[in-house]
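The residues of the chain are indexed from 1 along the displayed sequence. These numbers come from the heavy atoms of this one structure, side chains and all, not from hydrogens, waters or symmetry mates.
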Amino acid sequence: MDIAQAQVFLQQNHRACIAVRQKDGWPQMTLVTPGIDAEGRVIITSRGTTYKIKHIRRDPRVSMLIFGEQYSGSKFVQIHGTAEIIEQPEAMDTLIFWYKQVRGEHKNWDEYKKRMQDEKRVIIRVTIEKVGPQSVNRI
């Protein structure tokens, strides 16, 4: 498996668990809905006040398990990379891109933008550096 294959998998599969490192080194894991940007980086939205954002700011190394529609027996990809946080107002275009990719068209984009601002939404953008499992037959 290579990074390009993982990126293709991410275009169609938007269920994942992200692991970030807490201050004491233990992982903090959170279910997320990833998309992928035009440059092949993973994009995730989060409220800017969450612990995962605090941990990523301190240590940007993240790991993710992206899986298909079914839980048991699902195809999956594990990725590792470096995250960056994109804040408002720079995050807005990517928040809209993410929404369209994983949810489709919004019924009211002005309402969506206001909610993103009110919730202090950010984008977590992850550059993929390593992927697994190494068996291409899994996806």
Side-chain angles (χ1 to χ4, degrees):
M1 153 126 5
D2 62 21
I3 290 173
Q5 290 169 308
Q7 290 165 327
V8 169
F9 188 78
L10 268 157
Q11 290 172 351
Q12 299 299 317
N13 296 280
H14 305 293
R15 289 178 168 78
C17 180
I18 188 170
V20 302
R21 288 163 179 78
Q22 297 179 72
K23 191 174 183 178
D24 63 5
W26 288 99
Q28 179 207 347
M29 294 177 275
T30 307
L31 296 175
V32 293
T33 306
I36 189 160
D37 72 9
E39 288 80 34
R41 298 169 295 194
V42 180
I43 51 175
I44 304 161
T45 178
S46 176
R47 288 182 324 280
T49 56
T50 63
Y51 278 109
K52 77 175 153 290
I53 298 300
K54 176 182 174 183
H55 298 317
I56 289 170
R57 288 188 198 286
R58 192 189 61 262
D59 184 343
R61 295 174 299 158
V62 302
S63 297
M64 292 179 66
L65 180 67
I66 299 101
F67 46 94
E69 293 296 316
Q70 58 183 352
Y71 179 75
S72 181
S74 181
K75 297 175 185 203
F76 63 91
V77 172
Q78 182 176 334
I79 66 160
H80 308 280
T82 302
E84 61 183 307
I85 309 299
I86 303 168
E87 311 232 13
Q88 297 284 344
E90 293 81 14
M92 190 58 72
D93 288 343
T94 307
L95 286 163
I96 292 168
F97 180 86
W98 171 88
Y99 191 96
K100 288 179 178 180
Q101 186 178 99
V102 303
R103 304 264 194 252
E105 283 296 322
H106 196 279
K107 62 183 179 184
N108 184 331
W109 286 110
D110 289 335
E111 177 184 294
Y112 174 78
K113 290 176 187 179
K114 182 173 179 347
R115 192 172 81 237
M116 295 301 100
Q117 291 169 341
D118 291 349
E119 292 178 3
K120 297 181 174 70
R121 286 275 167 178
V122 300
I123 286 288
I124 302 167
R125 186 166 60 194
V126 179
T127 300
I128 303 171
E129 298 168 14
K130 182 180 173 184
V131 299
Q134 297 307 314
S135 172
V136 176
N137 296 331
R138 287 199 174 244
I139 62 168

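Here His80 pairs with Ser63, Gln78 under the side-chain hydrogen bond (donor to acceptor under 3.5 Å, both in side chains) rule; sequence neighbours left out. Applying the salt bridge (charged side-chain N to carboxylate O under 4.0 Å, His left out) criterion to Lys114, with sequence neighbours excluded, gives Asp118.
Ile86 and Val32 fall into different hydrophobic clusters, where Ile, Leu, Val, Met, Phe, Trp and Tyr side chains are chained together by heavy-atom contacts under 4.5 Å. Cluster annotation: Ile128 and Met64 are assigned to the same hydrophobic cluster (Ile/Leu/Val/Met/Phe/Trp/Tyr, side-chain heavy-atom contacts under 4.5 Å, transitive). Transitive grouping of hydrophobic side chains (ILVMFWY, heavy atoms separated by less than 4.5 Å) brings Phe9 and Ile44 into a common cluster. In the hydrophobic clustering of this structure, Ile66 does not group with Val102; members are Ile, Leu, Val, Met, Phe, Trp, Tyr whose side-chain heavy atoms approach within less than 4.5 Å, directly or through other members.
The list of ring pair (Phe, Tyr, Trp, His ring centres under 6.0 Å) pairs with a residue in residues 108-128, not counting sequence neighbours, reads Tyr99-Trp109, Tyr99-Tyr112, His106-Trp109, His106-Tyr112, Trp109-Tyr112.
In this structure, Arg21 contributes its side chain and Arg58 its backbone to no donor-acceptor pair below 3.5 Å. With Arg121 contributing its side chain and Met92 its backbone, the two residues share no donor-acceptor pair below 3.5 Å.
Contact detail for Ala83 and Ile56: the closest heavy-atom pair is CB-CG2, 3.7 Å. The shortest heavy-atom contact between Ala19 and Met29 is CB-CG, 3.9 Å. In this structure, Gly48 and Ile53 approach most closely via the heavy-atom pair O-CG2, 3.7 Å. Considering all non-hydrogen atoms of both residues, Lys100 and Glu105 come closest at CE-OE2, 3.6 Å.
Counting heavy atoms from C-beta outward, Gln101 and His14 have side chains that approach closer than 4.5 Å. Under the 4.5 Å side-chain criterion, counting only non-hydrogen atoms from C-beta, Lys120 is not in contact with Arg47. The shortest side-chain heavy-atom distance between Thr33 and Trp98 falls under the 4.5 Å cut-off. The shortest distance between side-chain heavy atoms of Gln5 and Val131 does not fall below 4.5 Å. Looking at Val77 and Leu10, their side chains never come closer than 4.5 Å, going by heavy atoms from C-beta outward. Side-chain contact between Asn13 and Lys75 is absent, with no heavy atoms from C-beta onward closer than 4.5 Å. Annotation: side chain of Asp59 is not in contact with side chain of Val20 (no heavy-atom distance under 4.5 Å). The shortest distance between side-chain heavy atoms of Asp37 and Thr94 does not fall below 4.5 Å.
Note that CD1 of Ile79 is 9.0 Å distant from CD of Gln7, once rounded to the nearest 0.5 Å. Separation of atoms CZ (Phe97) and OG1 (Thr45) is listed at 14.0 Å; rounding is to 0.5 Å. Considering CG of Asp93 and CD1 of Ile96, their distance stands at 6.0 Å, rounded to 0.5 Å. Put simply, CD on Gln22 and CD on Gln28 are 5.5 Å apart, with the number rounded to the nearest 0.5 Å. For the atom pair CD1 of Ile36 and CZ of Arg41, the computed distance is 10.0 Å after rounding to the nearest 0.5 Å. Expressed to the nearest 0.5 Å, how far CD1 of Ile3 lies from CD of Glu129 amounts to 8.0 Å.
Annotation: Arg115, atom CZ; neighbour count of heavy atoms from other residues, nucleotides and ligands within 6.0 Å is above 12. Heavy-atom neighbours of Gln12 CD from other residues, nucleotides or ligands within 6.0 Å: at or below the threshold of 12.
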Side chain to side chain contact (heavy atoms under 4.5 Å, CB included) evaluation trace for Ile85 with Ile124: CA-CA 5 Å; Ile85 309 299; Ile124 302 167; 4.1 Å; yes
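Among the candidates Glu87, Gln88, Met116, the single residue satisfying the side chain to side chain contact (heavy atoms under 4.5 Å, CB included) test with Val122 is Glu87.
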